[in-house]
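Given the structure is predicted, the values throughout are model-derived calculations rather than measurements.
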Amino acid sequence: MMQIPLQITFRNMDPSPAVEARIRTLAERLEHFHEGVVSCRVIVELQHRHHHRGNLYHVSITLRVPGAEFATSHGPGAQPAHEDVHVAARDAFDSMRRQLEDHARVQRGDVKTHHPDHAEGRICELKPDYGHIESAGRRVYFHRNSVVGADFDRLAIGDAVRFVDAPGASGPQATTVHPIGKHHLTG
């Protein structure tokens, strides 16, 4: 059971008892993937209305466990499915579940960690919320929230990065990505 009660905030929209109930159910399920969830904050936001599309929803989650904090954000981007607030919430909680599973595996020692050296590679693909790194003949997925010491939106294909990876559901996934080069430092 969470130490701090679940916080749900609705922005640019009226609170919805149905959405709130669904979020509470999804948040309770997260506790099955990691013991000791300290807090969970969820923001459900209705994006600006578009003339050619319906409502677009953005759901972000910040979750704390002892010694770590995780964040995920799922918005419309190129996802027409996020015209449905329930789908946006499901996708955000699925992403958070994967992060918790990865963290729990690392804590149990089920994941090989690279001590202390990071792998190096170059960004070979960028999408609005994620990208891929080419390193030693393999492609490694990374999410925008994995980027440390730089702004994801300032990354470019071909940029050199140092990263730590772990097995993910669909292949290797970078848990942290550090751009190499002073032009990526944030000030």
Side-chain angles (χ1 to χ4, degrees), residues 11-12 30 41-63 68-103 105-106 111-114 116-187:
R11 290 188 182 155
N12 302 326
L30 289 179
R41 180 164 190 236
V42 181
I43 298 173
V44 181
E45 182 174 13
L46 177 62
Q47 299 288 307
H48 299 294
R49 297 176 191 266
H50 295 276
H51 297 291
H52 304 297
R53 296 195 222 165
N55 295 331
L56 298 175
Y57 296 93
H58 183 265
V59 177
S60 60
I61 304 169
T62 304
L63 185 132
E69 182 172 287
F70 303 96
T72 189
S73 182
H74 277 264
Q79 298 268 352
H82 290 153
E83 291 179 7
D84 183 331
V85 67
H86 295 280
V87 173
R90 179 203 65 205
D91 289 352
F93 275 93
D94 283 349
S95 176
M96 183 59 68
R97 176 190 47 81
R98 288 189 299 273
Q99 289 184 53
L100 283 176
E101 288 173 331
D102 289 346
H103 181 69
R105 278 194 290 274
V106 169
V111 175
K112 261 201 242 178
T113 55
H114 302 278
D117 299 334
H118 295 4
E120 291 189 5
R122 294 204 175 271
I123 296 175
C124 63
E125 180 182 18
L126 283 171
K127 298 291 183 182
D129 288 325
Y130 68 92
H132 284 94
I133 300 165
E134 178 74 30
S135 176
R138 63 189 183 118
R139 286 173 55 98
V140 179
Y141 166 88
F142 71 98
H143 189 270
R144 73 180 302 124
N145 295 336
S146 301
V147 178
V148 178
D151 181 1
F152 175 87
D153 295 322
R154 292 184 57 196
L155 297 177
I157 292 176
D159 283 355
V161 294
R162 192 173 310 116
F163 63 96
V164 175
D165 67 298
S170 301
Q173 178 175 338
T175 56
T176 58
V177 177
H178 300 269
I180 301 172
K182 63 182 178 187
H183 64 284
H184 287 292
L185 297 177
T186 56

_Looking at Glu120 and Arg162, is there a salt bridge between them, counting it only when a charged N and a carboxylate O are closer than 4.0 Å?_
yes

Quick one, [X] and [Y] - any side-chain contact, counting heavy atoms below 4.5 Å?
X      : Y      : result
Met96  : Phe70  : yes
Leu56  : Glu83  : yes
Val44  : Val85  : yes
Asp102 : Leu100 : no
Val148 : Val177 : no
Leu126 : Phe142 : yes

Point-to-point distance, once rounded to the nearest 0.5 Å, from [atom1] of [X] to [atom2] of [Y]:
X      : Y      : atom1 : atom2 : result
Ile133 : Ser146 : CD1   : OG    : 8.5 Å
Gln99  : Thr72  : CD    : OG1   : 5.5 Å
Asn145 : Asp129 : CG    : CG    : 8.0 Å
Thr175 : Phe163 : OG1   : CZ    : 10.0 Å
His103 : Glu69  : NE2   : CD    : 12.0 Å
Arg41  : Thr62  : CZ    : OG1   : 7.0 Å

_For a side chain to side chain contact (heavy atoms under 4.5 Å, CB included) check, start with the C-alpha distance between Phe93 and Leu30, then their side-chain angles and the critical distance, and finish with the verdict._
CA-CA 8 Å; Phe93 275 93; Leu30 289 179; 3.6 Å; yes

*Excluding sequence neighbours, so at least two apart, what forms side-chain hydrogen bond (donor to acceptor under 3.5 Å, both in side chains) with Arg139?*
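Only Glu125, His132 meet the side-chain hydrogen bond (donor to acceptor under 3.5 Å, both in side chains) criterion with Arg139.
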
_For Pro179 versus Val161, what's the shortest heavy-atom pair and its separation?_
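For Pro179 versus Val161, the nearest heavy atoms are CA-CG1, 3.9 Å.
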
*Are the side chain of Asp165 and the backbone N or O of Gln173 linked by a donor-acceptor pair below 3.5 Å?*
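No, because the side chain of Asp165 does not come within donor-acceptor range (under 3.5 Å) of the backbone of Gln173.
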
*asked:* Has Arg144 got a side-chain atom pairing as donor or acceptor with Pro128's backbone, closer than 3.5 angstrom?
replied: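 A pair under 3.5 Å: yes.
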
_Aromatic centroids of Tyr141 and Tyr130 separated by under 6.0 Å_ =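 Yes, ring centres under 6.0 Å apart.
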
